[in-house]
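So the structure is just underneath, and the comments pick up after that.
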Amino acid sequence: MLQLQFIRDNKEEVITRLKVRNIDATSVVEEVIALDEKRRTLQSNLDNTLAQSKKLSNEIGDLFKTKQVDKANELKAQSLVLKEESKSLGENLNITAEKLQSLLYTIPNLPHPSVPAGNSDQDNEEIFKEGEVPTLIKGALPHWELAKKYDIIDLDLGAKITGAGFPVYKGKGARLQRALIAYFLDQNTQAGYTEYQVPHLVNETSGYGTGQLPDKEGQMYHIGEDNLYLIPTAEVPITNFFRDQLLAEKDFPICCTAYTPCFRREAGSYGAHVRGLNRLHQFDKVELVRVEHPDNSYKALDGMVAHVQELLRELKLPYRILRLCGGDLGFTAALTFDFEVYSTAQERWLEVSSVSNFESFQANRLKLRYKNESGKNVLAHTLNGSSLALPRILAGILENYQTEDGIQIPEVLVPYTGFDKID
RNA sequence: GGAGAAAUGGCAGAGUGGUCGAAUGCGGCAGUCUUGAAAACUGUUGAGGGUCACACCUCCGGGGGUUCGAAUCCCUCUUUCUCCGCCA
């Protein structure tokens, strides 16, 4: 959520910067400003009424103390009139404030100046590319075929017990999955991130805090009976740790990491590109979350990018880094770098990480602030990134590391898997 | 699931109808003393709205109610603790 004060003071800038997202925010911004003005007028009228009735109440108290009952009753009648007045002003104020709030919820974050204009993922800007695309053996297979051939992932079994998009990992497949999780967590904790295990269900307030609600309502699995949501990413529980927090400057940086399964309904996304592990309803992911001082958040973002880069380097997977264009940028993000691994047998890039700076957008919803040097409370910045999303990494490993007589395990993982080949 | 107790400022903890935004302690900040530090002493220290700045208003877990007036009384929800039951 953008800060109201900022919108008020920088109306034109807000409109201009949102154009990078292909959004014409003119009318929304106008309406926000109009509603805010209305709200403040109502507030000040209500304040005055309340001040009067407060004064009256004190007088009544004094009159009772000095036994001037008649006089007191007279003032009581006056007070009742004011009460009616403040009640209707209060109702009006609430309606206006709610309208304003829900309107503010519809405005996405302002893109960072470096975000290129563009409509779709076609317009994302490739900023870095590294790693060799292996020359595959004759008769190389896509990962879903390999999964069957070596009996390590069973999509049909998952479909039988739950539905499509819920894979079952088996034997060395399951072990490789566990190895990847352990490897990523170890690398992250070594880089200074504190490891957490968190609930996989969150309440509605948390959904609003990180911006999944109200705009991505349909993307999360919802448990109506208890009004809880299955987390689409560990970002949601972790970032919400810091909801309603007032930090000190010395608390920065806060660095968290967690492994969780992620649940996504992915309503409406079907087609040729969702085969195998490419797009699932449940997948595993290790996540990084940082809470930063605003002056340091972009440096922190660079640090996270470098960290994720190192993981991919160690796994010796060919990857590239994209700067997302305005049209592809998530609702809450100011700047996002996507990491994609080249899946050789499918001959396509797979997104394995997304690293973003949300600046104060989430912090504003979360009321996550810190006390600065001069004692003022200022919104902190939040960031997050995947390190990494498991299924697509697994797909990349299976496809890129396949040989005549089995699938090689990347060297760094062997201590974790206990085997160096799936055959 | 049943029964009871509780929820107050960064923390601890008073406050049961009227100048209570809230005693006190700790912590934080500033100062005195000191070569410096500690100790001691003095002062200061919640958040939001509003204003050029004041004024002023709101907030004592959330929501609703009683009253001229609520941290204080009533209803309700949530959470925590204790006891009982069930259970990985």
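The figures that follow rest on heavy atoms only: side chains count, while hydrogens, waters and symmetry mates do not. Each chain gets a letter, A, B and so on, in the order its sequence line appears, and its residues count up from 1.
Residues in residues 327-338 of chain A take part in these side chain to side chain donor-acceptor pair (under 3.5 Å) pairs, two or more places apart or across chains: A/N124-A/D328, A/T336-A/S356, A/D338-A/S354. For residues 182-193 of chain A, the side chain to side chain donor-acceptor pair (under 3.5 Å) pairs, not counting sequence neighbours, are A/D186-A/Y416, A/N188-A/T257, A/N188-A/H307, A/N188-A/S387, A/Y193-A/R290. Counting only residues at least two apart or on different chains, the side chain to side chain donor-acceptor pair (under 3.5 Å) pairs with a member in residues 161-174 of chain A are A/D151-A/K170.
Residues that satisfy the side-chain contact (heavy atoms from CB on, under 4.5 Å) test with A/D36, not counting sequence neighbours, are A/L4, A/R8, A/R39, A/R40, A/L100. With sequence neighbours excluded, no residue forms a side-chain contact (heavy atoms from CB on, under 4.5 Å) with A/A34. For A/Y401, the ring pair (Phe, Tyr, Trp, His ring centres under 6.0 Å) criterion is met by no residue, not counting sequence neighbours. With sequence neighbours excluded, the residues forming a side-chain contact (heavy atoms from CB on, under 4.5 Å) with A/V198 are A/Y196, A/P237, A/I238, A/F241, A/T260, listed by chain and number.
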Pairs under 3.5 Å (N/O, protein and nucleotides 56-62 of chain B):
residue, atom, partner, partner atom, Å
B/rC57, O2', A/D47, OD1, 2.8
B/rU58, OP2, A/K54, NZ, 3.2

Restricting both atoms to N or O, compile the protein contacts to nucleotides 65-70 of chain B shorter than 3.5 Å, with distance only.
residue, atom, partner, partner atom, Å
B/rC68, O2', A/S57, OG, 3.3
B/rC68, O2', A/S79, OG, 2.3
B/rG69, O4', A/S57, OG, 3.2

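Judged by Watson-Crick or G-U wobble contacts below 3.5 Å, the nucleotide B/rA88 has no partner. B/rC59 is paired with B/rG46 under the criterion used here, namely a Watson-Crick or G-U wobble arrangement in which both key atom distances are under 3.5 Å.
The shortest distance between the side-chain N/O atoms of A/R8 and the OP1/OP2 oxygens of B/rG49 is not below 4.0 Å.
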